[in-house]
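Presented below is the structure to which this report refers.
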Amino acid sequence: MKKITPRLWTTFILIGLIGQFAWTIENMYFNVFLYNTITTDPTYIAWMVAASAVAATLTTLMMGVASDRAGNRKYFICFGYLLWGVSTAAFGLLTVENAAKLFPMANAAAAAATLVVALDCIMTFFGSTANDAAFNAYITDSVQNERRGRVESVLAVLPLLAMLVIFGAFDGMTQRGEWRLFFGIFGGAVSLTGLIGFFLIPETPVERKRTPFFKSILYGFQPSVIRAQPRLYLSLCAMCVFSIAVQVFFPYLIIYMQHYLMMDNYAMVLGVVLIVASLASVLMGKVIDRAGKLRVTLGAAGAMLAGLIGMYFVREAVPVIIAGSVMMSGFMVVTAALSAEIRDRTPEDKAGHFQGIRMIFAVMLPMLIGPFIGAAVIRGNAQTYVELGATKTVPTPEIFLAAGVALLFVLIPVLLLRRRENV
């Protein structure tokens with residue numbers, strides 16, 4: 001069994017962690033930035049999440065195939081990170097005042113919100129090229145099935161570690177409105193990582209594909225391919241349902257803690273939750289490989305459901321930490337187990353081809369469906385507060401119950417997969 005070298009581990013952790021800094025900002029702080037500085041209408045958040053999801057999926061479909069055809073993932077990763085960082089830093093220039101200067105005849109807030117959505121799509125193009133398409137395919141190329149649970153359990157921690165660092169060391173900037181500095185720091189870090197990648201990332205030989213480009217893009221949609229890979233597509237369906245449940249509450253989580261729970265110390269609360277969930281994910285890595293990915297998925301989904309129900313009831317810091325730790329631990333272990341299952345089922349010679357298909361199930365569909373469910377729940381409760389004469393809509397605990405209901409449906413594809421395993 002091929003060992004994972006220290007250099008390869010360093011590549012996974014550095015490239016993965018810095019990418020997760022950028023995705024954390026995109027997934028959580030763009031929402032807060034839009035809500036706090038431009039408009040409080042949750043529909044704009046839902047549209048931004050949906051638009052970036054479509055952009056990410058289309059990009060991954062095309063650039064995953066392109067990296068297969070090029071036979072080299074490294075340069076897609078490095079150049080992608082360079083431009084990803086530049087586009088992230090550019091968010092610091094977006095304000096209502098600047099939008100009013102650019103579009104004097106338009107509603108300034110609507111124009112600024114539209115610019116945020118557009119720049120998010122541009123940033124997502126570079127990020128998905130580098131991370132979703134090239135880096136994910138690179139991991140599949142570099143790691144054998146027997147070690148994927150362990151690798152995925154470490155990779156699953158990186159989003160939480162990124163959130164922990166941002167919440168602990170940089171969240172104060174956002175609360176003080178220092179958005180330009182905030183985006184500049186992380187944009188610079190992403191670009192610097194792209195430069196380091198040229199020297200750090202080991203080359204993993206990939207046979208260049210000669211299949212016509214558009215035929216390759218459509219490969220994973222062919223009925224014959226779907227029939228030939230039933231376990232892969234069932235695994236993707238399980239990831240889709242799970243990710244929809246996550247997206248019902250996740251885009252609104254910080255806003256909920258700030259404006260419903262009224263927690264001034266929410267960064268500390270989230271920090272403790274993320275540390276606990278990270279430890280749970282790492283400790284479960286070997287268990288995933290030994291006990292079986294699907295069996296672990298069922299148990300972890302049950303834990304996440306319990307945590308979601310708990311989050312509906314709790315209001316104070318300590319109970320929120322307990323319920324949040326259960327919820328996020330289950331979330332991270334499900335992510336690791338299902339991600340490893342999908343990698344196991346991905347044809348070895350077409351890792352790039354299937355990254356776009358994975359994005360449809362894991363990102364695009366969940367982000368098209370989940371945030372709109374959350375927005376509908378929020379508007380249905382109609383809890384508001386008034387700040388500086390403006391009425392603002394507040395996320396309410398019902399988003400966690402809605403996410404729990406959605407999570408129950410993950411049982412269908414997982415049980416079908418287990419039945420196929422036992423045949």
Side-chain angles (χ1 to χ4, degrees), residues 17-42 44-49 51-53 55-56 59 79-104 106-131 159 162-196 251-255 258-259 266-267 270 387-388 390 392:
L17 178 60
I18 299 301
Q20 290 305 325
F21 281 139
W23 285 140
T24 296
I25 290 170
E26 198 259 354
N27 290 331
M28 301 191 75
Y29 279 92
F30 285 0
N31 302 340
V32 179
F33 172 66
L34 184 61
Y35 185 91
N36 287 349
T37 68
I38 296 173
T39 177
T40 61
D41 184 349
Y44 278 105
I45 294 177
W47 277 113
M48 180 172 67
V49 173
S52 66
T59 298
F79 285 113
Y81 268 67
L82 283 169
L83 296 172
W84 194 7
V86 172
S87 56
T88 299
F91 272 86
L93 303 176
L94 296 180
T95 64
V96 174
E97 293 76 14
N98 288 341
K101 293 175 184 176
L102 288 172
F103 305 101
N107 178 290
T114 302
L115 287 173
V116 170
V117 174
L119 185 56
D120 188 15
C121 291
I122 294 170
M123 189 221 75
T124 297
F125 171 80
F126 296 125
S128 290
T129 296
N131 194 275
M163 284 189 273
L164 182 62
V165 171
I166 293 173
F167 293 154
F170 298 94
D171 187 75
M173 290 182 183
T174 70
Q175 296 188 43
R176 294 189 298 269
E178 298 172 354
W179 289 103
R180 185 172 298 182
L181 178 61
F182 178 75
F183 291 132
I185 288 171
F186 287 100
V190 174
S191 291
L192 178 61
T193 301
L195 289 174
I196 294 172
Y252 309 102
L253 183 58
I254 293 179
I255 300 169
Q258 283 181 332
H259 297 293
Y266 73 89
L270 284 172
E387 183 176 81
L388 300 177
K392 300 186 176 184

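Counting from 1, the numbers follow the sequence of the chain as shown. For the numbers below, each heavy atom of this structure counts, side chains included, while hydrogens, waters and symmetry mates do not.
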For the residue pair Phe91 and Val116, what are the closest heavy atoms and their distance?
CE2-O, 3.8 Å
To the nearest 0.5 Å, atom CG of Leu119 lies from atom OG1 of Thr88 at 8.0 Å
Applying side chain to side chain contact (heavy atoms under 4.5 Å, CB included), name anything that partners Thr193, two or more places apart in sequence or on another chain.
Leu14, Ile15, Ile18, Tyr81
With heavy-atom distances below 4.5 Å as the criterion, would you say the side chains of Ile122 and Phe125 are in contact?
no
Output all residues satisfying side chain to side chain contact (heavy atoms under 4.5 Å, CB included) with Ala55, sequence neighbours left out; order by chain, then residue number.
Cys121, Thr124
Distance-only check: which donor-acceptor pairs under 3.5 Å involve side-chain atoms of residues 19-26, not counting sequence neighbours?
{"unit_1": "Trp23", "atom_1": "NE1", "unit_2": "Asn131", "atom_2": "OD1", "d": "3.4"}
{"unit_1": "Thr24", "atom_1": "OG1", "unit_2": "Gln20", "atom_2": "O", "d": "2.7"}
{"unit_1": "Glu26", "atom_1": "OE2", "unit_2": "Ser52", "atom_2": "OG", "d": "3.2"}

Leu93 side, atom CG; Trp179 side, atom CH2 - distance, nearest 0.5 Å:
14.5 Å
Please tabulate, for the side chains in residues 164-172, all donor-acceptor contacts under 3.5 angstrom to protein atoms that are two or more places apart in sequence or on a different chain.
{"unit_1": "Asp171", "atom_1": "OD1", "unit_2": "Tyr29", "atom_2": "OH", "d": "2.6"}
{"unit_1": "Asp171", "atom_1": "OD1", "unit_2": "Tyr266", "atom_2": "OH", "d": "2.8"}
{"unit_1": "Asp171", "atom_1": "OD2", "unit_2": "Gln175", "atom_2": "NE2", "d": "2.5"}
{"unit_1": "Asp171", "atom_1": "OD2", "unit_2": "Tyr266", "atom_2": "OH", "d": "2.6"}

Residues in side chain to side chain contact (heavy atoms under 4.5 Å, CB included) with Val86, at least two apart?
Ser191
Using the ring pair (Phe, Tyr, Trp, His ring centres under 6.0 Å) criterion, which residues pair with Phe126? Sequence neighbours excluded.
none
Quick check: closest heavy atoms across Ala162 and Leu17, and the distance to 0.1 Å?
N-CD1, 4.0 Å
Geometric class of the Phe30/Phe183 ring pair [parallel <30°, tilted 30-60°, perpendicular >60°]
perpendicular
Non-hydrogen side-chain atoms of Leu34 and Met48 separated by less than 4.5 Å
yes
